[in-house]
Structures are given as structure tokens and as C-alpha cells.
There are 2 protein chains.
Amino acid sequence: MNQQYPSLLLQKAVDEFSKLPGIGKKTAMRLVLHLLRQETSEVDAFGKAIVQLKHEVKYCKVCHNISDTDLCQICANPSRDSSTICVVESIQDVMAVEATQQFHGLYHVLGGVISPMDGIGPSDLQIDSLVDRVSKGDVKEVILALSSTMEGDTTNFYIYRKLADSSVKISVIARGISIGDELEYTDEVTLGRSIVNRTIFTGNI
Amino acid sequence: MNQQYPSLLLQKAVDEFSKLPGIGKKTAMRLVLHLLRQETSEVDAFGKAIVQLKHEVKYCKVCHNISDTDLCQICANPSRDSSTICVVESIQDVMAVEATQQFHGLYHVLGGVISPMDGIGPSDLQIDSLVDRVSKGDVKEVILALSSTMEGDTTNFYIYRKLADSSVKISVIARGISIGDELEYTDEVTLGRSIVNRTIFTGNI
């Protein structure tokens with residue numbers, strides 16, 4: 001439907017919204033009209049929250065996680081185990097691992113994975129700073145927690161090579177069938193790996 | 001997943017986004033992180049477009065459509081037929097009818113339909129101003145183009161009663177089977193109406 005907007009201001013707002021991923025013109029229109037029905041103070045708060053985030057947000061100088069301060073809450077927390085670093089792709093992945101409450105070390109946010117198809121090489125990622133962190137000697141283990149894709153595997157291997165000279169232990173998160181998965185529908189690579197990397201049954205799941 | 005945000009600014013932006021209809025915390029996070037990756041000028045433009053719209057938008061004093069000026073483009077257009085008024089619920093409906101290019105009159109945007117369940121009564125809608133427009137005498141026909149729901153029908157009837165004293169012709173948009181519909185799957189009320197309200201076949205569809 002070729003639509004003529006009744007207002008240029010409306011069109012501008014809809015255009016801005018429809019630049020967001022997964023938001024088409026119709027959804028954008030719905031969102032903008034929803035905002036128009038809100039109080040002015042609420043709309044101002046919406047606009048301000050986004051602009052302020054972009055202007056004032058910081059990235060932790062150690063782990064590159066998003067932060068309000070130079071050193072993020074996790075890196076600044078003395079009760080975290082600073083000898084273990086979990087390497088992740090993104091801020092969301094830090095939040096995902098934190099939500100498990102199973103990890104008590106520090107993080108290192110790469111900002112993506114090596115992906116020649118998308119023009120992302122090692123120098124676009126926070127790999128050198130990871131090598132720096134490890135070379136300072138306090139780190140005993142680096143846990144690679146990247147996506148189980150070709151790009152993730154490539155990045156894992158690149159980091160492994162970069163850290164080969166140091167005495168740090170390098171591990172990778174377990175790959176196998178997910179909780180709730182049915183064997184019949186699990187792909188053969190995953191199933192094969194989960195057999196090769198089987199663990200001793202202790203009665204716990 | 002109970003998530004702890006690494007940054008208050010991030011949390012505020014995600015909270016604001018997730019207030020929008022149909023946007024949950026995960027989608028909000030994805031949208032906010034997308035905006036964070038954009039240039040500062042683009043994020044500023046995004047924030048400004050929304051705030052500016054809310055502060056500067058006007059509603060046409062005649063038809064109550066959204067507009068940049070006191071009188072909207074449609075009402076201000078001398079080539080439109082000012083003797084026919086199409087009554088619609090919302091701005092989107094004006095755009096939908098305009099997109100058909102089948103209507104050359106003016107509009108009247110009610111701002112909703114009568115819905116006691118949602119606490120919306122006639123006084124919350126632009127019905128009195130419609131009666132005023134009609135009473136000025138230039139209007140020959142009022143086309144009711146509301147949703148084919150109980151609320152839409154109630155509103156149609158209410159407007160019909162309000163305009164009963166005037167000599168204006170009141171019509172309602174045709175209801176029947178949609179283009180592409182199969183008879184077998186059409187509900188009986190729609191199918192019954194489309195038989196009762198059959199039109200002379202002229203060879204055109």
C-alpha cells in the first residue's frame with residue numbers, strides 16, 4: 001500500500017522507527033500513534049532515555065561490557081574470581097551467563113565473532129586486549145563461550161592460537177543436547193559430540 | 001529469565017522501549033543495542049523525531065485528522081468534494097481509504113468507537129463536531145466507514161440517530177465477502193448480508 005502521510009512530522013517519526021530491525025512501516029505507525037496518545041512527559045522520557053544512553057554510556061575499560069562507570073560492576077566487585085575470564089560475543093551474552101548464576105569470574109566482551117563474510121576480522125574485536133589481560137599473569141583459565149557456529153569456532157581457534165604461548169588453561173563451554181531435547185530430533189553432529197564428550201553420571205542432572 | 005542490567009542507562013532505555021505495545025524486554029534490548037551501534041547523530045535524530053512530533057503535531061480543526069497545520073491537507077484542498085464526509089475511527093483509517101483512491105470527499109476522524117467496556121462514550125469521540133459540520137448545511141452525504149464490529153455498529157447507530165433531524169443522506173460502506181474470499185469459509189452473517197445486499201452485475205468486479 002503506497003501511503004501518503006497526513007503530516008511530515010508523523011512521517012519522520014514513522015521513518016525513524018521503521019529503521020529499527022524487524023519493524024516495518026505498519027508496526028512503526030502503530031508504535032508512533034501509541035506514543036502520540038501518551039502524556040508529553042512520557043514521550044519526552046522515552047526520547048531522553050535513548051539519547052542519554054547513547055551520549056553517556058561507557059564501556060568497561062577492562063572487559064568492554066556496557067557500564068555507567070569506567071569499570072563495570074562485575075569487574076569492580078572484589079568477591080568475583082578474577083583468575084577466570086569468560087569470553088563472550090556481546091552484552092546480551094554476559095546477561096545470559098549471569099542469569100544462570102553458575103559463573104563467578106569476570107568476563108571479556110569481544111563485540112562479535114570473526115566473520116569474513118560480514119567483513120569482521122580479528123582487529124575489529126577485543127582480542128588484543130584479551131591477550132593483554134592474560135599476559136598480566138593473574139588469569140588461570142579462559143572459558144570460551146561463543147556461539148556454536150562456524151564463525152564462533154573460527155574465533156575460538158584464533159583466540160586459542162593467540163594464547164598458546166601463555167600457560168593459561170583454555171576451556172570451551174560444553175556442547176551437547178539441550179535440556180528437554182529429544183534424541184530423535186537432535187542433529188547428528190550435536191549428538192555425536194555429546195557421546196564423545198560424555199560425563200560421569202553422578203545421579204544429578 | 002530474571003536479568004540484571006549492567007547499566008542503569010541501558011535499563012532505562014530498555015524499560016521505555018518495552019512500554020510500547022507488542023515489544024517485550026528481549027525485543028526492547030535488541031532495539032536499544034541496535035540504536036547504540038548507530039552514529040550519535042542518528043540516535044539524536046531518532047529521539048528528536050518522536051519528541052518533536054508529540055510537541056508540534058496538530059489536529060485539523062475541521063476533520064481532526066493529524067496535520068502539520070491548523071487545517072489538514074485534505075480539508076484545505078479545494079478540489080476535494082466538501083459535500084461528502086467519510087466518518088472513520090482513526091488516522092490509519094484515513095490513510096487506508098486514501099490509499100484506495102476511490103474517495104474524493106472529506107473525512108471526519110472520530111478518534112475511536114463507542115465502547116462501554118473500555119469506558120469510551122459518545123462524549124469522548126468527535127461526534128458533536130460532526131453534527132455541527134452537518135448542521136452548517138453544505139454536507140449532502142455522510143458515509144459511515146467504521147469497523148464491522150459491535151462497537152462500530154453501535155457508533156453507526158448513535159450517529160444515525162444524532163443526524164436523523166438533518167436532511168443529510170447517511171450511507172454505510174458495503175459489507176460482504178472480501179476479494180479473494182472463498183464462500184465455503186465465509187461466516188454466515190457476512191454471507192447472508194452479501195446476499196441481501198447483492199448488487200446488479202455489470203460485468204465489472
Side-chain angles (χ1 to χ4, degrees), chain A residues 1-10 12-17 19-23 26-27 29-36 38-40 42-58 60 65-69 72-74 90-92 94-96 98-100 107, chain B residues 1-10 12-17 19-23 26-27 29-36 38-40 42-58 60 65-69 72-74 90-92 94-96 98-100 107:
Chain A
M1 192 156 58
N2 182 21
Q3 292 188 311
Q4 173 93 39
Y5 290 88
S7 150
L8 281 178
L9 290 167
L10 178 71
K12 222 158 117 186
V14 171
D15 285 348
E16 287 293 338
F17 257 103
K19 281 183 198 164
L20 297 174
I23 305 229
K26 282 230 163 178
T27 308
M29 183 78 178
R30 201 163 49 82
L31 296 179
V32 168
L33 291 178
H34 171 86
L35 278 173
L36 255 188
Q38 308 309 305
E39 298 292 326
T40 305
E42 292 219 15
V43 178
D44 288 349
F46 178 88
K48 199 183 148 201
I50 281 95
V51 171
Q52 200 180 16
L53 174 68
K54 179 67 189 177
H55 283 261
E56 297 180 17
V57 80
K58 293 184 173 124
C60 174
N65 190 11
I66 206 170
S67 172
D68 294 331
T69 44
C72 78
Q73 292 162 14
I74 296 172
S90 67
I91 298 155
Q92 286 111 307
V94 172
M95 290 170 70
E98 280 296 281
T100 69
Y107 292 92
Chain B
M1 192 157 56
N2 182 21
Q3 291 190 313
Q4 172 93 41
Y5 290 90
S7 150
L8 281 177
L9 290 167
L10 176 71
K12 222 158 117 187
V14 171
D15 284 348
E16 287 292 338
F17 257 102
K19 282 183 197 164
L20 296 174
I23 305 226
K26 281 228 164 177
T27 308
M29 182 78 179
R30 200 163 48 83
L31 297 178
V32 168
L33 290 178
H34 171 86
L35 279 172
L36 255 187
Q38 309 308 306
E39 297 293 325
T40 306
E42 293 221 13
V43 177
D44 288 349
F46 178 88
K48 198 183 149 202
I50 280 94
V51 171
Q52 200 179 16
L53 174 69
K54 180 67 189 172
H55 283 262
E56 296 180 19
V57 81
K58 293 184 174 122
C60 174
N65 190 11
I66 205 170
S67 173
D68 293 333
T69 44
C72 78
Q73 292 163 16
I74 295 172
S90 67
I91 297 155
Q92 287 112 307
V94 172
M95 291 170 69
E98 280 297 281
T100 68
Y107 291 92

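The chains referred to below are lettered A, B, ... by the order of the sequence lines, with proteins before strands, and numbering in each begins at 1. These numbers come from a predicted model, not from an experiment.
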Value for CZ (B/F17) from CG (A/L31), rounded to nearest 0.5 Å, stands at 8.5 Å
Can you see which heavy atom on A/L9 is nearest to which on B/V57, and at what distance?
CD1-N, 4.0 Å
Given that the side chain runs from C-beta out, which part of A/I23 has a heavy atom under 4.5 Å from chain B: side chain, backbone, both or neither?
side chain
How about B/E39: does its CD atom have over 12 heavy atoms from other parts shown lying under 6.0 Å from it?
no
Taking the side chain as every heavy atom from C-beta outward, state whether B/P6 and A/M95 have any atom pair closer than 4.5 Å.
yes
Chain B: which of A/P21, A/C72, A/S67 shares the most heavy-atom pairs with it under 4.5 Å?
A/P21
Side chain / backbone / both / neither for B/N65 at chain A, heavy atoms under 4.5 Å
side chain
Side chain, backbone, both or neither: which part of A/E98 has a heavy atom under 4.5 Å from chain B?
neither
Let me know if B/L33 has heavy atoms under 4.5 Å from chain A in its side chain, its backbone, both or neither.
side chain
What donor-acceptor contacts under 3.5 angstrom involve side-chain atoms of residues 47-55 of chain B, with partners at least two apart or in another chain?
unit_1 : atom_1 : unit_2 : atom_2 : d
B/K54  : NZ     : A/L36  : O      : 2.8
B/K54  : NZ     : A/Q38  : O      : 2.7
B/H55  : NE2    : A/D44  : OD1    : 2.8
B/H55  : NE2    : A/D44  : OD2    : 3.3

Nearest heavy-atom pair of A/K19 and B/H34: which atoms, and what distance?
O-NE2, 3.8 Å
